[in-house]
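See below for the structure under consideration.
Values below: every heavy atom of this structure, side chains too, minus hydrogens, waters and symmetry copies.
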Amino acid sequence: MNTTSIRIIGGRNKSYRIVFKASPNLRPTSDRAKETLFSWLQFEMQDKACLDLFSGTGSLGFEALSRGAAHVTFVEKDKGLFKNILKNIRKLEYETKTEIACSAAIKWMQNNKRKFDIIFLDPPFDQVNYESLLSNIKMQDILATDGKIYLETDKRAEIMLSQKQKVLKDKTIGDVRLMILQ
């Protein structure tokens with residue numbers, strides 16, 4: 001089994017390594033992208049409810065918890081990755097601050113009743129329709145009134161936002177585009 005790891009870059013769990021099985025379908029958020037994202041949100045993370053949709057390794061959710069988020073819901077459909085997130089939740093003792101679902105994102109949203117202050121969206125680039133995904137988030141009413149969405153896409157992806165969606169931050173790092181939407 002070929003394993004690799006990524007680290008939590010800030011907060012109480014800084015330098016903790018999340019070990020996971022390497023996979024060609026898995027593209028964890030780079031340290032540089034996480035540094036950008038969490039510098040954008042550094043004063044907004046404390047006591048927030050976050051959703052890590054398409055969790056993968058769970059790195060964005062764990063980074064949020066490490067930096068003071070009150071709660072993170074992880075949603076990941078791959079059973080192996082789901083079990084790995086669960087293992088890290090236990091190791092980091094976040095059982096009371098987390099919820100985890102092994103489910104496809106759209107299906108999970110249809111049954112969710114919770115609202116989130118921050119939603120992390122880092123789906124497999126070639127397997128998602130961003131407009132449909134953002135529309136589903138609005139339709140299911142899961143973003144809190146002043147909530148924000150972090151969206152990570154391939155830099156070449158064309159995304160049509162609705163008139164009500166506002167881009168607060170936008171940056172390209174290598175082949176990846178990072179955005180904060182409201």
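- If you chain together hydrophobic residues whose side chains sit under 4.5 Å apart, L26 and V176 never meet in one group.
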**OP:** Show your working on side chain to side chain contact (heavy atoms under 4.5 Å, CB included) between L143 and I119 and close with a plain yes or no.
**Re:** CA-CA 7 Å; L143 187 64; I119 298 175; 3.8 Å; yes
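- Criterion: ILVMFWY side-chain heavy atoms under 4.5 Å apart, direct or through other members. Under it, I9 and V19 are not part of a common hydrophobic cluster.
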Subject >> Candidate pair V72 and K97, rule side chain to side chain contact (heavy atoms under 4.5 Å, CB included), full reasoning >> reply: CA-CA 6 Å; V72 172; K97 292 181 153 222; over 6 Å; no
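- Atom CE of M179 is separated from atom CG of L121 by 10.0 Å, given to the nearest 0.5 angstrom.
- Of the possible donor and acceptor atoms, one in the side chain of N136 sits under 3.5 Å from a partner among the backbone N and O of S132.
- In this structure, the side chain of S66 engages the main chain of G10 through a donor-acceptor pair within 3.5 Å.
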Subject >> Test log, rule salt bridge (Lys or Arg N to Asp or Glu O under 4.0 Å), inputs E44 and K148 >> reply: CA-CA 10 Å; E44 300 179 51; K148 292 182 172 64; 2.9 Å; yes
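- Remark: Q42 CD to E35 CD distance equals 12.0 Å, nearest 0.5 Å.
- Of all the heavy atoms in L81 and G56, the pair that sits closest is CB-O, 3.5 Å.
- Between atom NZ of residue K77 and atom CZ of residue F82 there is a gap of 15.0 Å, rounded to the nearest 0.5 Å.
- You'll find the side chain of Q165 stays beyond 4.5 Å of the side chain of Q182, heavy atoms only.
- For the pair T98 and L65, the minimum side-chain heavy-atom distance is below 4.5 Å.
- Of the candidates T29, L178, I180, I180 is the only one forming a side-chain contact (heavy atoms from CB on, under 4.5 Å) with L37.
- Remark: R17 engages S5, R7 in a side chain to side chain contact (heavy atoms under 4.5 Å, CB included) (not counting sequence neighbours).
- Counting only heavy atoms from C-beta outward, the side chains of E99 and R114 approach each other to under 4.5 Å.
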Subject >> side chain to side chain contact (heavy atoms under 4.5 Å, CB included) evaluation trace for F120 with C50 >> reply: CA-CA 8 Å; F120 300 110; C50 302; 3.9 Å; yes
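- Between the side chain of D47 and the backbone N or O of A70, no donor-acceptor pair lies under 3.5 Å.
- Of all the heavy atoms in A105 and F54, the pair that sits closest is CB-CZ, 3.5 Å.
- Between V167 and L181 the shortest heavy-atom distance is CG2-CD2, 3.7 Å.
- Of all heavy-atom pairs between L60 and F38, the closest is O-CZ, 3.7 Å.
- No donor-acceptor pair under 3.5 Å is formed between the side chain of T172 and the backbone N or O of R177.
- No continuous path of ILVMFWY side-chain contacts below 4.5 Å connects F116 to Y94, so the two sit in separate hydrophobic clusters.
- Nearest heavy-atom pair across V128 and P123 is CG1-CG, 3.5 Å.
- Residues I118 and L168 fall within the same hydrophobic cluster, defined by Ile, Leu, Val, Met, Phe, Trp and Tyr side chains chained together at heavy-atom separations under 4.5 Å.
- Scanning both residues, T36 and S39, for their nearest heavy atoms gives O-OG, 2.9 Å.
- The side-chain heavy atoms of I8 and L92, taken from C-beta on, include a pair separated by under 4.5 Å.
- E76 places a side-chain N or O within donor-acceptor distance of the main-chain N or O of D78, the cut-off being under 3.5 Å.
- Counting heavy atoms from C-beta outward, L133 and N129 have side chains that stay 4.5 Å or more apart.
- Residues I159 and L151 are in side-chain contact: their nearest non-hydrogen atoms beyond the backbone lie under 4.5 Å apart.
- Follow the hydrophobic side-chain contacts under 4.5 Å out from I173 and you never reach I6; the two are in separate clusters.
- For the pair I85/K87, no side-chain contact is recorded, criterion being any heavy-atom separation below 4.5 Å from C-beta on.
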**OP:** May I have the step-by-step check of side chain to side chain donor-acceptor pair (under 3.5 Å) for N88 and Y16, ending in yes or no?
**Re:** CA-CA 10 Å; N88 284 297; Y16 175 84; 2.5 Å; yes
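- A donor-acceptor pair is defined here as one N or O able to donate and one able to accept, closer than 3.5 Å; such a pair exists between the side chain of S55 and the backbone of V75.
- Judged by distance alone, the side chain of S135 and the main-chain N or O of E131 form no donor-acceptor pair under 3.5 Å.
- Separation of atoms CZ (R156) and CG (D175) is listed at 5.0 Å; rounding is to 0.5 Å.
- More than 12 heavy atoms of other residues, nucleotides or ligands sit less than 6.0 Å from atom NZ of K115.
- Atom OG of S103 and atom CE of M109 lie 9.5 Å apart (nearest 0.5 Å).
- Taking the six-membered ring for Trp and the full ring otherwise, F62 and F74 have centroids separated by under 6.0 Å.
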**OP:** Please test Y150 against D52 for side chain to side chain donor-acceptor pair (under 3.5 Å), starting from the C-alpha separation and ending with a verdict.
**Re:** CA-CA 10 Å; Y150 166 72; D52 189 353; over 6 Å; no
**OP:** Starting from the C-alpha separation in whole Å, work towards a yes-or-no answer on side chain to side chain contact (heavy atoms under 4.5 Å, CB included) for N2 and K21.
**Re:** CA-CA 6 Å; N2 189 10; K21 187 178 166 194; over 6 Å; no
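- Rounding to the nearest 0.5 Å places CE of M160 at 12.5 Å from CG of L134.
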